[in-house]
Amino acid sequence: MIPSRKRTVAAFLVSALVVALALGATAGAGERSAFALPRAQTLYMSGNQWSPNNDLNPAKNWDYITGLVGFAYETPFRYDPLQDRFIPWLATSGTWTSKSTFVMTIRQGVKWSDGRTLTPRDVKYSFELAKIATHPQHPLWQDTGLRSIAVSGNKLIFSFRGTPGYQQFDFYRFNVAVVPQHVFSKYSNTEIATGNLGSPRNIVGTGPYRYESGVGASSQTVVWKKSPTWWASKALKLNVAPQYVVDIHNASNAAALANLLAGNIDLFNNFAPKSAIKGRFTTYFDRAPYHLGANTTWLFPNTTKKPLNDKQFRKALANSINMKQILDKAYQGLVTKASPTGLLPIWDKWIDKKVVKQLGFSYNPAKAKSLLAAAGYRDRNGDGFVENKDGSAIDLKIVCPNGWSDWMTSIQIIADSAKAVGIKVTPAYPEYATLVDDRGHARFDLLLGNDRQMSNTPWTYYQYLFNLPILENQATMNYERYANQTAWRLTNQLDRTPSSNKKAYRAVMSKLQRVFLQDLPVIPLWYNGMWAMFNTQYWTNWPSEQDAQYTPASWRNYWQMTSIDMLTHLKSTNNR
């Protein structure tokens with residue numbers, strides 16, 4: 001999750017009562033009922049919903065209401081990133097019966113919340129929706145080589161042309177939401193691909209919760225009520241503990257932490273300073289960094305501008321960054337330094353330690369100065385800053401969104417570190433929407449990004465970094481505009497290498513890491529935390545390093561990883 005605004009704990013404490021009262025004063029009837037639910041049976045959470053509680057389209061994973069996928073709609077498989085394993089879900093099994101054929105067995109006896117039976121044709125229909133060219137999951141058909149899906153009894157037969165995109169297909173196995181054909185067939189292709197799909201009464205799912213109330217642009221809460229007919233209760237002996245789950249749309253981290261301190265939030269997935277981790281609040285780790293690493297924060301240089309188009313300059317910049325200061329001042333030890341490869345801790349087994357030892361980087365001002373000098377960057381006018389090789393001035397701007405104070409502190413440290421080795425860098429703090437537009441259209445020098453989360457495969461990271469071709473608006477990938485055909489070819493080769501072929505997979509990963517570290521088109525900085533603080537006043541047995549090792553996040557895509565297991569393991573304290 002992209003880090004957001006933070007304040008000091010003192011400010012949170014002062015505003016706690018005000019915020020709690022404001023919620024009651026401004027909420028509509030739906031919200032008042034949300035806060036009047038039986039406290040011992042209700043889980044309150046916050047940290048995912050930053051846009052209005054409006055979008056009901058399960059394909060739009062950046063915008064749909066919290067819980068839509070995972071609570072209502074479910075996926076054929078789930079994925080456990082901490083154990084690197086797929087969990088059969090609406091499908092009981094999936095097997096490659098040949099190089100180009102995947103057979104998925106659909107679970108029998110699953111009912112939609114309207115009482116109708118889920119069939120293999122519902123699953124086929126759900127995957128085929130992605131054939132719509134504007135559908136967010138269209139790459140399932142465009143890029144993986146998927147040719148057709150056939151139904152045979154309770155099995156689906158996925159046929160591919162050529163060598164399949166194994167990694168991408170595996171990703172979609174736990175990210176395509178299975179929807180009811182008898183409901184969705186009433187929508188147009190445009191609505192399915194880009195709309196918000198209208199009324200909440202049409203949320204007909206198979207999951208552990210049913211929509212209760214709260215959808216609306218002005219709503220501050222969405223309420224989910226436990227389904228009395230969830231298939232997993234009987235088939236897998238699973239039971240979600242909370243009778244109600246309420247997602248609170250807090251406008252800022254300040255409001256969120258104030259509500260946590262007031263006892264109004266149980267699962268807190270917002271950023272909070274280290275000083276807030278105390279008393280009855282617990283975290284995944286009982287010591288620093290307290291949180292799992294959810295994504296890598298990268299420094300993106302605009303490689304279409306000099307001197308950022310020079311890999312030697314980028315390497316000098318990387319060696320100039322004082323990461324210890326960032327970890328201490330911006331995060332107080334709540335995050336850890338990233339591997340020079342940028343690969344998350346869950347992918348450590350794929351890191352080629354020899355390549356990292358040979359080509360990796362770390363904070364080394366002397367080396368940064370040496371790299372600059374060797375590449376022809378020197379201070380010609382005595383102002384303390386190096387100039388370009390042609391003598392022109394270097395005056396770079398580094399940006400992050402205004403109000404994201406952990407990142408604001410971080411880019412100030414990056415700028416100061418760069419200045420210490422003779423590179424002029426100035427921080428700036430545009431509004432988020434402005435930054436996104438400038439980022440897509442290459443109107444920037446340096447910026448931070450951490451869009452890609454945990455997944456089943458490092459391919460999702462390399463796609464994020466190396467995707468080609470370069471478009472006029474790089475809206476979601478390759479912000480640095482790095483045009484390296486070898487890197488992109490290796491990324492596609494990784495996609496087409498099955499994870500079961502570990503030797504081949506490791507060989508491609510090693511080559512990708514070598515290309516990355518040789519050119520360093522993007523600079524990995526730190527592992528952004530899966531922010532998760534738990535209020536144990538009403539619920540216990542939260543995920544932890546010691547026992548229940550599940551993803552403790554309400555963020556989109558995490559419920560169909562292992563966050564739903566968090567709810568099946570919770571225990572009520574029955575205080576009230």
Side-chain angles (χ1 to χ4, degrees), residues 1-2 48-76 122-144 146 149 165 168-169 171-205 207 211 214-219 222 247 249 432-441 451-453 455 460 463-464 467 469-479 555-560:
M1 178 64 69
I2 298 173
N48 177 73
Q49 199 70 27
W50 293 96
S51 56
N53 293 307
N54 232 9
D55 206 307
L56 305 178
N57 190 335
K60 294 162 68 176
N61 69 351
W62 64 94
D63 201 32
Y64 59 66
I65 63 170
T66 307
L68 186 68
V69 178
F71 284 6
Y73 303 119
E74 297 180 297
T75 51
D122 285 314
V123 184
K124 177 179 186 288
Y125 172 80
S126 301
F127 274 81
E128 289 185 339
L129 287 178
K131 285 184 175 180
I132 302 169
T134 53
H135 193 285
Q137 294 175 323
H138 184 60
L140 168 66
W141 290 89
Q142 178 178 287
D143 297 339
T144 68
L146 182 58
I149 306 173
Q168 280 196 78
F169 181 66
F171 178 79
Y172 286 114
R173 278 202 282 150
F174 73 100
N175 279 293
V176 170
V178 177
V179 299
Q181 184 174 6
H182 63 278
V183 174
F184 274 62
S185 60
K186 300 172 185 176
Y187 295 124
S188 69
N189 282 358
T190 300
E191 288 174 312
I192 287 172
T194 60
N196 67 12
L197 302 188
S199 171
R201 73 170 65 94
N202 292 332
I203 303 177
V204 176
Y211 168 76
V215 167
S218 62
S219 171
V222 170
D247 185 65
H249 176 192
Y432 179 71
T434 300
L435 184 149
V436 169
D437 189 57
D438 288 347
R439 181 182 68 190
H441 293 92
D451 306 56
R452 289 293 166 103
Q453 301 286 328
S455 78
T460 56
Q463 182 208 32
Y464 175 59
N467 190 74
I470 304 296
L471 305 176
E472 181 181 350
N473 182 9
Q474 288 294 105
T476 60
M477 293 179 281
N478 198 347
Y479 303 136
W555 302 338
R556 295 175 186 89
N557 295 347
Y558 279 88
W559 293 114
Q560 67 263 34

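When reading the values below, keep in mind they use all heavy atoms of this one structure, side chains included, and skip hydrogens, waters and symmetry mates.
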Backbone N or O of [Y] within a donor-acceptor pair of the [X] side chain at under 3.5 Å?
{"X": "Ser219", "Y": "Val215", "answer": "no"}
{"X": "Gln49", "Y": "His249", "answer": "no"}
{"X": "Asn57", "Y": "Tyr64", "answer": "no"}
{"X": "Trp559", "Y": "Glu74", "answer": "no"}
{"X": "Asp247", "Y": "Val222", "answer": "no"}
{"X": "Asn53", "Y": "Gly216", "answer": "no"}

> Should Phe71 and Thr66 be marked as a side chain to side chain contact (heavy atoms under 4.5 Å, CB included) after you check the CA-CA gap, both sets of side-chain angles, and the distance that decides it?
Replying inline: CA-CA 9 Å; Phe71 284 6; Thr66 307; 5.9 Å; no

Quick one: pull up [atom1] in [X] and [atom2] in [Y] and give me the separation to the nearest 0.5 Å.
{"X": "Leu146", "Y": "Asp143", "atom1": "CG", "atom2": "CG", "result": "11.5 Å"}
{"X": "Tyr73", "Y": "Phe184", "atom1": "OH", "atom2": "CZ", "result": "3.5 Å"}
{"X": "Phe127", "Y": "Trp141", "atom1": "CZ", "atom2": "CH2", "result": "9.5 Å"}
{"X": "Thr476", "Y": "Arg439", "atom1": "OG1", "atom2": "CZ", "result": "9.0 Å"}
{"X": "Asn54", "Y": "Asn196", "atom1": "CG", "atom2": "CG", "result": "5.5 Å"}
{"X": "His441", "Y": "Glu472", "atom1": "NE2", "atom2": "CD", "result": "5.5 Å"}

Taking side chain as C-beta onward, heavy atoms only, is [X] less than 4.5 Å from [Y]?
{"X": "Ile203", "Y": "Leu68", "value": "yes"}
{"X": "Met477", "Y": "Tyr479", "value": "no"}
{"X": "Arg173", "Y": "Thr75", "value": "no"}
{"X": "Leu56", "Y": "Asn202", "value": "no"}

Quiz question: by atom type and distance under 3.5 Å, do the side chains of [X] and [Y] form a donor-acceptor pair?
{"X": "Asn48", "Y": "Tyr558", "answer": "no"}
{"X": "Thr144", "Y": "Gln168", "answer": "no"}
{"X": "Arg452", "Y": "Gln463", "answer": "yes"}

Check [X] against [Y] and note the closest heavy-atom contact, atom names and distance.
{"X": "Tyr125", "Y": "Ser185", "result": "OH-N, 3.3 Å"}
{"X": "Ala177", "Y": "Ser126", "result": "O-CB, 3.6 Å"}
{"X": "Asn473", "Y": "Gly440", "result": "OD1-CA, 3.1 Å"}

Distance-only criterion, 3.5 Å: show the donor-acceptor pairs between side-chain atoms of residues 129-138 and protein atoms not counting sequence neighbours.
{"from": "His135", "atom 1": "ND1", "to": "Gln137", "atom 2": "N", "distance (Å)": "2.9"}
{"from": "Gln137", "atom 1": "NE2", "to": "Asn175", "atom 2": "O", "distance (Å)": "2.9"}
{"from": "His138", "atom 1": "ND1", "to": "Ala130", "atom 2": "O", "distance (Å)": "2.8"}
{"from": "His138", "atom 1": "ND1", "to": "Lys131", "atom 2": "O", "distance (Å)": "3.3"}
{"from": "His138", "atom 1": "ND1", "to": "Ile132", "atom 2": "O", "distance (Å)": "3.4"}

>> Taking the ring of Phe169 and the ring of Tyr172, is the distance between their centroids below 6.0 Å?
In response: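 Not close enough - the centres of the two rings lie 6.0 Å or further apart.
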
